[in-house]
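What follows is one structure encoded as structure tokens, with my remarks underneath.
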There are 2 protein chains.
Amino acid sequence: MARKQGSHSDITGPKVREAALRLIARHGYAAVSMRQLAAEVGVQAGALYNYTPDKQALLFDMMRDHLVDVIESFDRADPKTDAQSRLRAFVSFHIRYHLPRADAVFVAYMELRNLSPENFAAIEKLRRAYEDRLEAILRQGEAEGAFAMKDARITTRAIIGMLTGFFTWYRQEGRLPLEEVEAIYWDLVCKAVAR
Amino acid sequence: MARKQGSHSDITGPKVREAALRLIARHGYAAVSMRQLAAEVGVQAGALYNYTPDKQALLFDMMRDHLVDVIESFDRADPKTDAQSRLRAFVSFHIRYHLPRADAVFVAYMELRNLSPENFAAIEKLRRAYEDRLEAILRQGEAEGAFAMKDARITTRAIIGMLTGFFTWYRQEGRLPLEEVEAIYWDLVCKAVAR
DNA sequence: TTTTCAACTGAACAGATGTTCAGTTAGATG
DNA sequence: CATCTAACTGAACATCTGTTCAGTTGAAAA
């Protein structure tokens, strides 16, 4: 019963990616078969190959698109003024951007091992580009005399780790509203890099 | 050629666990087959079932043993004096304990999705028990007037996230000696919870 | 109405999967 | 010496894996 009403590719295509993101976030790349994914979408396994050359490309494309969007979105959100304002914008952006994209964040973080070497290198480059945004802000703050830290690179990693760890547990923890969590994290980051 | 010299179970047993930890940390639980694991150990796949009832139990036992040891080791390292000293001991312990156990940390952190529901609950309980150690220290610090923070529970998660993120990249980054990394992290944590 | 073709099916491919178990081996035991 | 048995092999089980492709469908174009 192909093509019940109109062209399907612009319906099935996004469906494949949504289902893949959801299933892989829940069970892991290696644990999700193309047949499970197809069943979730509502097609046979063979039909998936109209939307991806293979399983590996499906994973890579999702991770790359996510990271590219993170970087572009932050560059738009960045006030590009003083370091204090930029750091605040970074913390706020990071939390608010990632929260409604928990599956994509989870996949981009947990499935690095399942990328081919070339794909891994490409994703690492993007990840590094995002981290470099934060590192630049910290170094600007040092130059302005607004921040003080022992090592900007490691502090960058520490802050990213702190913020990203957030998404491994916020789902279950409905205790506090987003605004409050954001304020708590801002307080921690702000004090940690203060002079 | 069974049993070439002496009893093998006390040699093969640890070998199985070491190989499983290494392979699963590198490729993921679902991506490592019992045959790959057996080849790494130097036996046939069937022989593994002398050392674990099934693949799932192998994963669970490794995670449980690791977490139990983390908790017991910290309880011995805990000076149980003032909050400032205890926090410093926690940060130092966490970094120094986890560093030479990178594979175990990685598996305990990344493979939660591959645990059966009952096993997941058991592991979560242990993870929570470790986090509770840190939370207790932070609350003691608040009571003593040594620390100030908006929310002790979330600050606990943030600090753990910050410290644990460390182990996803330290391998590659031989730039700084351990003592220095420890000092950098202590500086960040100390300032973040300061009054 | 006939033709076209994007979208999909369903079967097939060769090989991998976790797990079981009857049988084999060789060091330890009496 | 013979016996015992922990430790292991190797084959088998049913099922699943990613991927390919000839064939089918039905809405849209001519």
Kindly say if A:Ser33 contacts the phosphate of D:dC16, meaning a side-chain N or O under 4.0 Å from OP1 or OP2. no

Residue set satisfying ring pair (Phe, Tyr, Trp, His ring centres under 6.0 Å) with B:Phe74, at least two apart, ordered chain then number -> B:Phe90, B:Phe93

At 4.0 Å (heavy atoms only), tell me whether A:Val32 reaches a base, stays on the sugar-phosphate, or touches nothing. sugar-phosphate

Rounded distance (Å) that lies between atom P of D:dT17 and atom OH of A:Tyr29: 13 Å

To the nearest 0.5 angstrom, please state how far the CG atom of B:Leu21 sits from the CG atom of B:Asp103. 5.5 Å

Heavy-atom nearest nucleotide on DNA chain C taken for A:Val43 and for B:Ala31; more 5' hit belongs to A:Val43

For residues 184-195 of chain B, which residue pairs pass the salt bridge (charged side-chain N to carboxylate O under 4.0 Å, His left out) check, not counting sequence neighbours? B:Asp187-B:Lys191

Please state how far atom CE in B:Met34 lies from atom P in D:dT17, giving the value in whole angstrom units. 18 Å

Between the protein and nucleotides 10-15 of chain D, which nitrogen or oxygen pairs come in under 3.5 angstrom?
none

For A:Arg35, which residues count as a salt bridge (Lys or Arg N to Asp or Glu O under 4.0 Å) partner, sequence neighbours excluded? none

Salt bridge (charged side-chain N to carboxylate O under 4.0 Å, His left out) contacts touching residues 84-94 of chain B (sequence neighbours left out): B:Asp78-B:Arg86

Counterpart residues, side-chain contact (heavy atoms from CB on, under 4.5 Å), relative to B:Glu72 (two or more places apart): B:Val68, B:Arg76

Can you list every salt bridge (charged side-chain N to carboxylate O under 4.0 Å, His left out) pair that touches residues 47-61 of chain B, not counting sequence neighbours? B:Asp61-B:Arg64

Close residues, residues 48-56 of chain B, relative to DNA chain D [heavy-atom separation under 4.0 Å]: B:Asn50, B:Tyr51

A:Asp65: partners by salt bridge (Lys or Arg N to Asp or Glu O under 4.0 Å), with sequence neighbours left out: A:Arg17

A:Gln36 has an atom CD; how far is it from atom P of D:dT17, in whole Å? 6 Å

Taken to the nearest whole Å, CG/B:Leu59 to C1'/C:dG18 is 15 Å

Salt bridge (charged side-chain N to carboxylate O under 4.0 Å, His left out) contacts in which one or both residues fall within residues 18-32 of chain B, not counting sequence neighbours: B:Arg22-B:Glu40

Close residues, residues 15-23 of chain B, relative to DNA chain D [heavy-atom separation under 4.0 Å]: none

Is the phosphate of C:dC8 approached by A:Thr12 (side-chain N or O, under 4.0 Å from OP1 or OP2)? yes

Report the residues that fulfil side-chain contact (heavy atoms from CB on, under 4.5 Å) with A:Gln84, sequence neighbours left out, ordered by chain and then residue number. A:Asp82, A:Phe147, A:Trp186, A:Cys190

Gap between atoms CD1 and P, on B:Ile11 and D:dA7 respectively (whole Å): 10 Å

Just checking A:Lys125: does its NZ atom have more than 12 heavy atoms from other residues, nucleotides or ligands closer to it than 6.0 angstrom? no

